Amino acid sequence: MLETPQIMQTAAQPTAIIRLTVPREEIRNAAGPGIREVRAVVAAQGITPAGPWFMHHLRMDPEIFDFEVGLPVTAPVAPAGRVEPGQLPATTVARTVYQGSPEGLSDAWREFVAWIEATGHTPGPDLWECYVLGPESNPDPATWRTELNRPLIDQSQALLPWDGLR
């Protein structure tokens, strides 16, 4: 189930991240240990998380997931092991919240992108999911909430077909 999507401007958000590139079927095996590692480094540095953990997908490929797993933070993180400082961008996004289990996320994204395109917007090449409520808060997947964020391409800045001819 998706909440009504909105178009909004985000502020730049400092993060602590690990960048991972894995085959699609390995994402769950990589994300869990990755976020535990990020949380441990953030805690060891005495930094407070500024929100829920996220996955920022940088490149859309059906076979390979190229993404960052991370936490928004209240202060810059010093590099430690695989953890490094990062940032979620200041940009215009389409945002909604999906309620349900992870198995429904693919369908939720398809529905969300269809809404973005039906409203005349063009999705950018990346996206991020913030895991607001999950199994740590309630064992019932019907209560889990994932915030979906899709940056939008500013059509006034889009390259027109004849721009390359100048």
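Any value given below was found using the heavy atoms of this structure, including those in side chains, with hydrogens, waters and symmetry copies removed. Only a predicted model underlies this, so the values are computations on that prediction, with no experimental measurement involved. All residue numbers in this chain count up from 1 along the given sequence.
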Check: V69 and F54 side chains under 4.5 Å, non-hydrogen atoms: no
P85 vs T15 side-chain heavy atoms within contact, under 4.5 Å: no
Validation: residues 127-134 side-chain donor-acceptor distances under 3.5 Å, sequence neighbours left out:
from : atom 1 : to   : atom 2 : distance (Å)
E129 : OE1    : Y131 : OH     : 2.2
E129 : OE2    : W109 : NE1    : 2.6

CA sep, side-chain torsions, deciding dist, call: E26, N29, side chain to side chain contact (heavy atoms under 4.5 Å, CB included): CA-CA 5 Å; E26 292 295 319; N29 296 333; 3.0 Å; yes
E136 atom CD: more than 12 heavy-atom contacts under 6.0 Å: yes
Residue pair W53 / V38, side-chain heavy-atom distance below 4.5 Å: no
Side-chain donor/acceptor of T91 to backbone N/O of P151, under 3.5 Å: no
Value rounded to 0.5 Å, distance of CG in L152 from OG1 in T119: 8.0 Å
Close side-chain approach of Q6 to T96, heavy-atom, < 4.5 Å: no
Side chain to side chain donor-acceptor pair (under 3.5 Å) partners of residues 69-82, not counting sequence neighbours, each pair once: E37-R82
Side chain to side chain, L105 and L148, heavy atoms closer than 4.5 Å: yes
Sidechain-backbone polar pair: R95 side chain, I7 backbone, donor-acceptor under 3.5 Å: no
Min side-chain heavy-atom separation E117-T122 under 4.5 Å: no
Aromatic centroids of F65 and H57 separated by under 6.0 Å: yes
Donor-acceptor pair, side chain of Q99 and main chain of A142, under 3.5 angstrom: yes
Side chain to side chain contact (heavy atoms under 4.5 Å, CB included) between F112 and R150, worked out: CA-CA 9 Å; F112 184 37; R150 190 73 190 254; 4.1 Å; yes
Non-hydrogen side-chain atoms of L71 and R39 separated by less than 4.5 Å: yes
Basic-acidic side-chain contact under 4.0 Å: R145, E3: yes
Non-hydrogen side-chain atoms of R28 and P102 separated by less than 4.5 Å: yes
Worked verdict on I17 versus Q87 for side chain to side chain contact (heavy atoms under 4.5 Å, CB included): CA-CA 9 Å; I17 57 120; Q87 178 174 286; over 6 Å; no
Set of residues satisfying side-chain contact (heavy atoms from CB on, under 4.5 Å) with respect to S106, sequence neighbours excluded: R24, R110
